[in-house]
Colleague: 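Structure provided below as structure tokens; questions to follow.
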Amino acid sequence: MEHSRDMNDLTERPVRSFVRREGRMTAAQKRALEKLWPVYGIDVDRGLAGKLPAPRNGRVTLEIGFGDGEALLALAKQSPQGRFIGIDPHRPGAGRLLLQLEREEVENVRLIIGDAAELVPSIEPKSLTQILVLFPDPWPKKRHHKRRLLTPEFLRILGEKLQPQGGLHIATDWHEYAEEILNALDETPNLCNEAGRLAFCARPDWRPVTKYEQRGLRLGHQVFDIAGKRI
Ligand SMILES: C[S@@+](CC[C@H](N)C(=O)[O-])C[C@H]1O[C@@H](n2cnc3c(N)ncnc32)[C@H](O)[C@@H]1O
């Protein structure tokens, strides 16, 4: 357990791509977590091996960092035959999404509350058809770049979890991070860039607009889409 570690252990902790700024949960979100977690939640004590639900219609999409869940909800409604899994450590966002899943009677979504960097390595290889990472935290300060999630090593792990021809779709409104991800994709042996070497792809019609995308657009940011494919 993390809080029982002593100071020496703390220095050996992996770098986290998020900080525990949980924010306030509304009473409704708290109730949703209590009541709906048994229906929609996947508990992770020792990783995700054997924990993901079987594909439906041959498809399983994993969204890393679902935030308030707009994309996951929209995609799950668009494809009721598909299976959708979200992972994010932020509990208020999970609470909000759970309320919507219940309200809209969407039953093909499952949620994991946790750190993708820690948990994704334990997913069985070749078990996902699509992975989405929409507007990951950009960590704009140079001294924080090491917290960025989409490193060459993590992209390689994501590639390993995709079925052959499976897709990794990333979007960000942070140009410098987008370039860094393109370069990392170029170095990833099990993924190719669908748009061509070191190129961004056009925004796909199927990608829903998320809260952070709207925020970026309001600020006048350009949005960059990146499409990797499992070789
Ligand atoms: C900038 S927000 C974007 C949220 C949403 N995708 C959107 O576009 O509105 C980044 C999200 O990634 C989540 N996140 C950060 N590090 C993560 C990690 N290691 N594993 C899973 N989610 C992570 C954060 O909690 C946050 O919800």
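One-based numbering, in listed order, for ligands and for the atoms of each. Throughout, numbering of the chain's residues begins at 1 and tracks the sequence.
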Colleague: Counting from 1, what ligand 1 atoms have a heavy atom of H90 closer than 4.0 Å?
Modeller: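 In order of numbering, the contacting atoms are 25 (O).
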Colleague: What residue and atom, counting heavy atoms only, is the protein's closest point to atom 9 (O) of ligand 1, and at what distance?
Modeller: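 Scanning the protein heavy atoms, the shortest distance from atom 9 (O) of ligand 1 goes to Y212 N, 3.0 Å.
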Colleague: For R96, look at atom CZ and say whether over 12 heavy atoms of other residues, nucleotides or ligands are found less than 6.0 Å away.
Modeller: no
Colleague: Between W139 and H144, what is the ring plane arrangement, given parallel below 30°, perpendicular above 60°, and tilted in between?
Modeller: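 Perpendicular.
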Colleague: Does ligand 1 have any atom that is closer than 4.0 Å to a heavy atom of G93?
Modeller: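 False for this residue.
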Colleague: Could you tell me the residue and atom name of the protein heavy atom closest to atom 12 (O) of ligand 1, and the distance to it rounded to 0.1 Å?
Modeller: G65 CA, 3.5 Å
Colleague: For atom 8 (O) of ligand 1, what's the nearest protein heavy atom and its distance?
Modeller: T210 OG1, 2.6 Å
Colleague: In terms of residue, atom name and distance, what is the protein heavy atom nearest to atom 26 (C) of ligand 1?
Modeller: D88 OD2, 3.5 Å
Colleague: Give the residue and atom name of whichever protein heavy atom lies nearest to atom 10 (C) of ligand 1, and the separation in Å to one decimal.
Modeller: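 Minimum-distance protein heavy atom for atom 10 (C) of ligand 1 reads D137 OD1, 3.4 Å.
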Colleague: Which atoms of ligand 1 have any heavy atom of D115 under 4.0 Å away?
Modeller: 18 (C), 19 (N), 20 (N)
Colleague: I'd like to check which ligand 1 atoms, numbered from 1 as shown, lie under 4.0 Å from a non-hydrogen atom of A116.
Modeller: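 So the atoms of ligand 1 that pass are 18 (C), 19 (N), 20 (N), 21 (C).
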Colleague: Report the member of A94, G67, S17, P89 with the shortest heavy-atom distance to atom 21 (C) of ligand 1.
Modeller: P89
Colleague: Can you give me the closest heavy-atom contact between S17 and L149, atom names plus distance?
Modeller: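 For S17 and L149, the tightest heavy-atom pair comes out as OG-CD1, 3.9 Å.
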Colleague: Side chain, backbone, both or neither: which applies to D68 and ligand 1 if a contact is any heavy-atom pair less than 4.0 Å apart?
Modeller: neither
Colleague: Just grab all the side chain to side chain donor-acceptor pair (under 3.5 Å) pairs involving residues 190-208, residues at least two apart or on different chains.
Modeller: D186-R197, R203-E213, R207-E213, R207-D225
Colleague: What distance do L111 atom CG and L101 atom CG have between them, rounded to the nearest 0.5 Å?
Modeller: 6.0 Å
Colleague: For the residue pair L48 and S122, what are the closest heavy atoms and their distance?
Modeller: N-OG, 2.7 Å
Colleague: Please report the C-alpha distance between L150 and Y177 in whole Å, then the side-chain angles of each, then the deciding distance to 0.1 Å, and finally whether the side-chain contact (heavy atoms from CB on, under 4.5 Å) criterion is met.
Modeller: CA-CA 9 Å; L150 298 172; Y177 193 16; 3.7 Å; yes
Colleague: Checking side-chain contact (heavy atoms from CB on, under 4.5 Å) for the pair F135/K211: CA distance, chi angles, key distance, verdict?
Modeller: CA-CA 9 Å; F135 304 88; K211 177 171 151 187; over 6 Å; no
Colleague: Considering the heavy atoms of I87, write down every atom of ligand 1 situated less than 4.0 Å from one of them.
Modeller: 21 (C), 22 (N)
Colleague: Around atom 1 (C) of ligand 1, find the nearest protein heavy atom and jot down its residue, atom name and distance.
Modeller: F135 O, 3.0 Å
Colleague: Write out all pairs satisfying side chain to side chain donor-acceptor pair (under 3.5 Å) with one or both partners inside residues 71-80, taking only residues at least two apart or from two chains.
Modeller: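 Every pair satisfying side chain to side chain donor-acceptor pair (under 3.5 Å) with a residue in residues 71-80: K77-E104.
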